[in-house]
Colleague: 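Could you have a look at this structure, given as structure tokens, before my questions?
Ligands are counted one by one from 1 in listed order, and the atoms in each one are counted from 1 as well. When a residue number appears, it is its place in the shown sequence, counting from 1. What you see is a predicted model, and the numbers here were worked out from it, not measured in a lab.
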Amino acid sequence: MSKLRLGVLVSGGGSNLQSIIDHCNSGYLPAEVAIVISSKEGVYALERAKRHNISYAVVDPKKFPTKEAYEDELIKLLKSSNVGLVVLAGFLKVLSPHFVNAFQDKIMNIHPSLIPAFCGEGFYGERVHKAVLDYGVKITGVTVHFVDEGTDTGPIILQRAVPVLDDDTPEILAQRVLKEEHKIYPEAIKLFAQGRLQIHGRKVKIVKGEEN
Ligand code: GRF
């Protein structure tokens, strides 16, 4: 079976990108990272791509006259890399229906909370964890979902709970949540690669595979 080709979109450190690369290299994921595209120059995620000899590009939205022109460039690069799944991994741009339609049901995102809590516009990075701590919830977590036209609104693939502890700071909580992200994202991508994710409206059904 040919490997699923991933296009990973990043804007930052890329620890999720690293976890995906590692899970491809270990053989856990029947996939390969075909291209990494960053919305910003100089981010550490690009170093990770270079170190692993993965094609990469910087596509800076500020250099395009319209969002559509920016997204056209992303679409062109991803299609010419024969990408079968677009993986958003700390990508800080909201994609419009123009992009979403070009990869219908083939875009995943990871969000560092249990959606629908602490998500949507403005909830990114440490802001999510700060909001979690300010609210006083005892459990937060991670969500992997398909991307639709909204912000963090697409059908949920997998979720995992992470405890919030009394002495947590946003940084400490972010690290605990990230640890879980690094496990759950490869799991979700693997299910996709195995053809085991069926979308029925808002719900994603995981069909049984050979191992269960
Ligand atoms: C992660 O917390 C992810 O859930 C969110 O952005 C962060 C990216 O971290 N979407 P990294 O760049 O993968 O280290």
Colleague: Looking at atom 2 (O) of ligand 1, what's its closest protein heavy atom, distance included?
Modeller: E181 OE2, 2.9 Å
Colleague: Under a 3.5 Å threshold, yes or no: a donor from one side chain and an acceptor from the other, between Q198 and H200?
Modeller: yes
Colleague: Side-chain donor-acceptor contacts of residues 117-132 below 3.5 Å, not counting sequence neighbours, with atom names and distances?
Modeller:
{"from": "Y124", "atom 1": "OH", "to": "R127", "atom 2": "NH2", "distance (Å)": "3.3"}
{"from": "K130", "atom 1": "NZ", "to": "D134", "atom 2": "OD2", "distance (Å)": "2.9"}

Colleague: Indicate every side-chain donor-acceptor pair of residues 90-99 with a distance under 3.5 Å to a residue at least two apart or in another chain.
Modeller:
{"from": "S96", "atom 1": "OG", "to": "E71", "atom 2": "OE1", "distance (Å)": "2.6"}
{"from": "S96", "atom 1": "OG", "to": "E71", "atom 2": "OE2", "distance (Å)": "3.4"}
{"from": "S96", "atom 1": "OG", "to": "H98", "atom 2": "N", "distance (Å)": "3.1"}
{"from": "H98", "atom 1": "NE2", "to": "D72", "atom 2": "OD1", "distance (Å)": "2.7"}

Colleague: Give me the nearest non-hydrogen protein atom to atom 7 (C) of ligand 1 as residue plus atom name, then the distance to 0.1 Å.
Modeller: G90 CA, 4.1 Å
Colleague: For S11 and S39, test the side chains for any donor-to-acceptor distance below 3.5 angstrom and give the result as yes or no.
Modeller: yes
Colleague: How far is atom 11 (P) of ligand 1 from the closest protein heavy atom, and which atom is that?
Modeller: S15 N, 3.4 Å
Colleague: Does the Lys NZ or Arg CZ of K190 fall within the cation-pi geometry relative to Y28 - under 6.0 Å from the ring centre and within 45° of the axis?
Modeller: yes
Colleague: What protein heavy atom sits nearest atom 12 (O) of ligand 1, and how far off is it?
Modeller: G14 N, 2.8 Å
Colleague: With heavy atoms of P112 as the reference, note each atom of ligand 1 found under 4.0 Å away.
Modeller: 2 (O), 4 (O)
Colleague: State the OG-CD1 distance between S81 and I37, to the nearest 0.5 angstrom.
Modeller: 6.5 Å
Colleague: In terms of residue, atom name and distance, what is the protein heavy atom nearest to atom 10 (N) of ligand 1?
Modeller: I110 O, 3.0 Å
Colleague: Just need the protein heavy atom nearest to atom 9 (O) of ligand 1, so name the residue and atom and give the distance.
Modeller: N16 ND2, 3.9 Å
Colleague: List every atom of ligand 1 that sits less than 4.0 Å from any heavy atom of G13, numbering the atoms from 1 in the order shown and giving each element.
Modeller: 12 (O)
